[in-house]
Amino acid sequence: MGAGLGSGILGKADEGRPPGRPLSGYGERSKYVKPARTMRQTKTPQAGSSATPLADMYGIITPSSLHYERHHAGVPDIDPDEHRLLIDGLVERPLLLTMGDIRRLPSVSQIHFLECGGNSGGEWQDKTGPDAQRSYGLASCSEWTGVPLRLVLREAGVKREAKWMIAEGADACRMQRSVPLVKDLDEALLAYGQNGEPLRPEQGFPLRLLTPGWEGNVQVKWLRRLFLTETPHYTRDETAKYSDLMPDGKTRIFTLTQEAKSVVTFPSGGQKLAGAGWYEITGLAWTGRGRITRVEVTLDGGREWREARLDQPVLYKAFTRFRLPWKWNGRAAEVASRATDESGYVQPTREELIAVRGRNSGYHFNGIKVWRIQADGSVTNGDA
Amino acid sequence: METRSIAAAVCLWMAGVLGAQAPKYGVGRVMSAEETRNYGIMVGPDGKGLPAGSGTAVEGQAVYAAKCRSCHGSKGEGGTGPLLVGGQGTLATGKPVKTVGSHWPYATTVWDYIYRAMPFDRAGTLKHDEAYGVVAYVLYLNGIVEEKQVMNASTLPKVRMPNRDGFVPDPRPDVGRTAGAKE
């Protein structure tokens, strides 16, 4: 009796309502809430990625525990008191900084998305991702706290000849990327905070480079060294990886900017609509070129587009939540979103991308993702 | 060459932001050149930063058998780790095979990566000579150097990788239209 009315409405007359569990030092989510990062099974799980369950997220902030991961040699265990950042190479004064030194400098908190350059890499192939998590989930958004990179570089005194800096992580592979000293770095941080607490180990504890709008890999985690140089070093992860192979056999290198992208997270692959009637279509959009200005949604596979409402304020180089109320008539439909950013760039279709870049580029896929809603309410990626 | 457009942008940022060079906050400890050397190697494509030491494919074969074969296969064909050999001539085909031999532009990168990141389960344990030897062996398996060719700080940067000219700058935005343009 009463089970269908929801817990606590009637209670059990004989036992009353005993109090719930006591206070706790560090909160856990409800045991009824299950979303988790997905990962592919490999023999070397230290060199792999796990994806954010985008369709289970509300708003624009990704809980730190669900932020996507991409590591090349596992997550190092670093004592922040032992950690040091060396700035050397073409500088006036090679400097060694402790975390304490870095935290003394003027800091700032900024909300930015972070996306792996390889996010949606499977979409170049015939078999596309079955759901939002496994197709677009190597993207997350956090509030980051840190020191503007330029303040720290100024302490070391960058020499005129320096045009690049090699950023090196303290992970087992001492991963390195060459970072061009371009204007975008005005916004770069040496970040130590994430969503109100220190960075999670998976995101680079205790210190990472944050270059908003660029691919994740260049934003080196567990940052231990910045080495100023005249030229890039063509490290393995900017040549063999995170570079885009074109149909003519040439490889684009230093493709750093993540272009405008969006995905509908409801309704999306793997979900099921409960029947005809009202729903809220929602999803996420982001761009490495600034702010999202517009997201349009189609329900008929791209013939007609309707403008979605964007949650305000729309933040710079951050996830933008879009929403559109929708009354489903119970018939098959094709839903997709298309983002436009303040540079005027419009998110292309998958076919448009493949027409120019072929299928072997592997990285930087930002095409429109189409979900097919069947008459029974089930949602798929539409692959045969 | 591929860095030309980036270089122009660099000058702007350097002048505007890094122009004032006096340290303001005085944090951190100024390091001597000797101290920074202990912090690890940095290897440029011109070979700058490569340490002393040398090796040949003949010597490297033994290192490979002991420290790499378990993951990369007896002849670099791959296993737990990626394949290290082959793929030359496939990059412009429908089934490109990207390897050290077919794809990587600089031999210095091969040395730097193997020295810093391999063996995967015990990174940082290779001696300089072992690294020169095993790099020579991987390059030899790819038909890029001779079996007895000595690899060291001056010969390695001169090795011409097959895909040396295969990298181009980022031309994006290259796809789609701009807002306001007709569909």
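Letters go in sequence order (proteins before strands), and every chain restarts at 1. For the numbers below, each heavy atom of this structure counts, side chains included, while hydrogens, waters and symmetry mates do not. Every value quoted in this text rests on a predicted model; they were computed, and no experiment measured them.
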Top of [options] for chain B proximity - count of heavy-atom pairs under 4.5 angstrom:
options: D244(A), D171(A), L85(A), T257(A); result: T257(A)
options: K43(A), E352(A), R174(A); result: R174(A)
options: T229(A), L105(A), T98(A), I166(A); result: L105(A)
options: L86(A), I102(A), T44(A); result: L86(A)
options: M175(A), M246(A), Q46(A), Q347(A); result: Q46(A)

Item checked: Residue R104(A) excluded, over 12 heavy atoms near CZ under 6.0 Å -> no
Next item on the list: Please check if atom CD in E146(B) has more than 12 non-hydrogen atoms from other residues, nucleotides or ligands closer than 6.0 Å.
Entry: no
Given a strict heavy-atom distance threshold of 4.5 Å, which part of [X] is in contact with chain B: side chain, backbone, both, or neither?
X: R289(A); value: side chain
X: E168(A); value: side chain
X: A355(A); value: neither
X: H364(A); value: side chain

Does some side-chain heavy atom of [Y] sit less than 4.5 Å from a side-chain heavy atom of [X]?
X: P23(B); Y: R93(A); answer: yes
X: Q176(A); Y: Y113(B); answer: no
X: P173(B); Y: E259(A); answer: yes
X: D170(B); Y: I253(A); answer: no
X: M31(B); Y: D88(A); answer: no
X: R116(B); Y: R236(A); answer: no
X: F120(B); Y: C173(A); answer: no
X: K250(A); Y: F167(B); answer: no

Checklist line | Interatomic distance, L151(A) atom CG to Y25(B) atom OH [nearest 0.5 angstrom] | finding: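 It comes to 5.5 Å.
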Notebook entry, point to check: From T93(B) OG1 over to N360(A) CG, what is the distance, rounded to the nearest 0.5 angstrom?
Noted result: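 Reported to 0.5 Å precision, the distance equals 7.5 Å.
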What are the two closest non-hydrogen atoms of [X] and [Y], and how far apart are they?
X: G28(B); Y: D101(A); result: CA-OD2, 3.5 Å
X: V175(B); Y: Y345(A); result: O-CE1, 3.7 Å
X: T36(B); Y: P94(A); result: CG2-CB, 3.9 Å
X: A240(A); Y: K98(B); result: O-NZ, 4.3 Å

Notebook entry, point to check: Within residues 78-86 of chain B, which positions have a heavy-atom distance to chain A below 4.5 Å?
Noted result: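 Heavy-atom contacts from residues 78-86 of chain B to chain A are T80(B).
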Item checked: Residues from residues 38-69 of chain B approaching chain A under 4.5 Å (heavy atoms) ->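 Heavy-atom contacts from residues 38-69 of chain B to chain A are Y39(B), G40(B), I41(B), M42(B), V43(B), G44(B), P45(B).
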Check: Checking E155(A) side chain against K24(B) main chain: does a donor-acceptor pair fall under 3.5 Å?
Finding: yes
Checklist line | N/O donor-acceptor pair under 3.5 Å between R29(B) side chain and L97(A) backbone | finding: no
Check: With a 3.5 Å cut-off and no angle check, do the side chains of H103(B) and T251(A) form a donor-acceptor pair?
Finding: yes
Notebook entry, point to check: So, are R357(A) and D174(B) salt-bridged, with charged N and O less than 4.0 Å apart?
Noted result: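 The answer is yes: the pair qualifies as a salt bridge.
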